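Quick notes on the structure that follows.
Only a predicted model underlies this, so the values are computations on that prediction, with no experimental measurement involved.
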There are 2 protein chains.
Amino acid sequence: MAQSEPHPRQNHLLAALPAADAERIFPQLEYVPMPLGHVLYESGIQMRHVYFPATSIVSLLYVMEDGASAEIAIVGNEGIVGVSLFMGGETTPSRAVVQSAGHAYRWAGQALKNEFYLAGPMQRLLLRYTQSLMTQMAQTAVCNRHHTLDQQFCRWLLLSLDRLSSNELVMTQELIANMLGVRREGVTEAAGNVQRAGLITYQRGHISVIDRPGLEARTCECYAVVKKELDRLLPYSDGL
Amino acid sequence: MAQSEPHPRQNHLLAALPAADAERIFPQLEYVPMPLGHVLYESGIQMRHVYFPATSIVSLLYVMEDGASAEIAIVGNEGIVGVSLFMGGETTPSRAVVQSAGHAYRWAGQALKNEFYLAGPMQRLLLRYTQSLMTQMAQTAVCNRHHTLDQQFCRWLLLSLDRLSSNELVMTQELIANMLGVRREGVTEAAGNVQRAGLITYQRGHISVIDRPGLEARTCECYAVVKKELDRLLPYSDGL
DNA sequence: GGCCGTCTGTGCGCCAGCGCCCATTGCAAC
DNA sequence: GTTGCAATGGGCGCTGGCGCACAGACGGCC
């Protein structure tokens, strides 16, 4: 996608809206910056807005009583942050943090709910996206149980890059460790392995993918499952 | 709850329906047996019905390519099996298996969808339940990452018992191991520890809880989070 | 009452990831 | 350029859970 003008259609959910709905909704959206590390929602706190990431990535992560954390899902330009607003719960026990800086389209919670109850295309899109989010969470649970850190690192990298439509990522190993819920040193080792295999280069927070097929071969099935399910639920053609 | 007559209100979602909706919906439900091990849905296969467990428990579990498995959520009389029908995806990449035999109320998928699109109380209940299910999945992911098998065993036991409104469970260690995605021997050890601590008795597939507060103290925070979130989203009073 | 299959308990060696500590290396700000 | 700090890379010993193999123990069935 061209970097050019910001436009709501950079977000795939918004892009999938029919013209009539888009005309009604787009004027309600606000284009806002998403600085790295910014906390959009805190666990248990009432949300006022939802966010449709355009050029940013948001992590949904769970912070435990002892401070340990784990990411449960990644949201980028394929989705929306704040599903609990239309699901009815208003809050969730998780935190939403900007993982990769950029921009997003912000929408007032009440406006979203009004639109949702019209039971039109937006409702359909939101529900289908929510299902894909559930798949991602479920897969994260499975992956945490069964797969090696190397595999999880690759999965995480691929999922993140897909959501940026890029093959570069700015992210320290420390942050990745927080996301994956592992030691920083563990990420150092995993990243080192992948780098030695010639699949990426990693220099002080800058990851570049050299061999994407190689990465996909190295990761576990979890990545493919999540991707396939998203494609199935929300087919997106870039040219739309 | 009295064991007496089967009645849809044994399921908390159905019980929460206002009289008018209940009168419309209940006649469409079919009271069906749920034999142990019965597979309600297979990964990727179109679903024809949803199930409201009354006296049974259903595990949503993920089976990997190599045969390893992991449970991502437990559904009992507090919920419904088959959320992807109204979420729009029709299928999920997971499998639904009866984990504790009993009965459930079955509802035709199309009837459910018709009701859902009325945007009445049933829709609200279903969406809120789905959110609680997401919490459970997320918590499972976190728990898999950070907590010991002992803690996970306690969490699993408590979640299961809550969904049976009982303090006894019929379940071999082999099955529990499949659910938790660990070795059978691991479960033997965890169960042994908990039994030696005087919190349960375990005899050839029959688990009885002796000291419930003790169990709750021994498990991780994950149990409380899931329970609290369910109570918040779907408050249920037994006398309703 | 005896047999058999299922379920449970235990004992190895093994390894991935943890917690802790410190060495090195770039980038950036002055 | 120098200095300072964030970021990365490695080296310990430790432990929880794995894979495997086998020994009891209970329960149902004939």
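- A donor and an acceptor atom, one from each side chain of Arg204(B) and Gln173(B), are nowhere located under 3.5 Å apart.
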Mind listing the side-chain donor-acceptor pairs of residues 33-45 of chain A below 3.5 Å, one per line with the distance, residues two or more places apart or on another chain?
| from | atom 1 | to | atom 2 | distance (Å) |
| --- | --- | --- | --- | --- |
| Tyr41(A) | OH | His49(A) | O | 2.3 |
| Tyr41(A) | OH | Val81(A) | O | 3.2 |
| Glu42(A) | OE1 | Arg95(A) | NE | 3.3 |
| Glu42(A) | OE2 | Arg95(A) | NE | 2.8 |
| Glu42(A) | OE2 | Arg95(A) | NH2 | 3.2 |
| Ser43(A) | OG | Pro93(A) | O | 3.1 |

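- Taking the six-membered ring for Trp and the full ring otherwise, the centers of Tyr31(A) and Tyr105(A) sit less than 6.0 Å from each other.
- Applying the side-chain contact (heavy atoms from CB on, under 4.5 Å) test between Cys222(A) and each of His146(A), Gln136(A), Lys227(A), His147(A) identifies His147(A) as the sole match.
- Taking 4.5 Å as the limit, every side-chain heavy atom of Val97(B) sits out of range of all side-chain heavy atoms of Val58(B).
- In this structure, the NE2 atom of His146(A) is 12 Å from the C1' atom of dC18(D), given to the nearest Å.
- Within a heavy-atom distance below 4.0 Å of DNA chain D, no residue of residues 62-70 of chain B is found.
- Shown here are the salt bridge (Lys or Arg N to Asp or Glu O under 4.0 Å) partners of Glu216(B), two or more places apart in sequence or in another chain: Arg212(B).
- The footprint of chain B on DNA chain C, defined by a heavy-atom cutoff below 4.0 Å, extends from dG5(C) to dT10(C).
- Contacts of Thr188(A) with the nucleic acid, taken as non-hydrogen atoms under 4.0 Å apart, include base atoms.
- In this structure, the side chains of Ile176(B) and Ile207(B) come closer than 4.5 Å at one or more pairs of heavy atoms.
- Of all the residues in residues 194-205 of chain B, Arg204(B) reach under 4.0 Å from DNA chain D with at least one non-hydrogen atom.
- Under 3.5 Å, the side chains of Glu229(B) and Ser132(B) contain no donor-acceptor pair of N or O atoms.
- If you take CZ on Phe153(B) and CG on Leu180(B), they are separated by 8.5 Å, rounding to the nearest 0.5 Å.
- Residues Gln151(A) and Thr219(A) come closest through the heavy atom pair O-OG1, 3.1 Å.
- Side-chain contact between Ile57(A) and Leu164(A) is present, with at least one heavy-atom pair separated by less than 4.5 Å.
- The distance from atom CD of Gln173(B) to atom P of dA25(D) is 16 Å, rounded to the nearest whole Å.
- The stretch residues 177-185 of chain A touches DNA chain D through Arg184(A), Glu185(A), each having a heavy atom within less than 4.0 Å of the strand.
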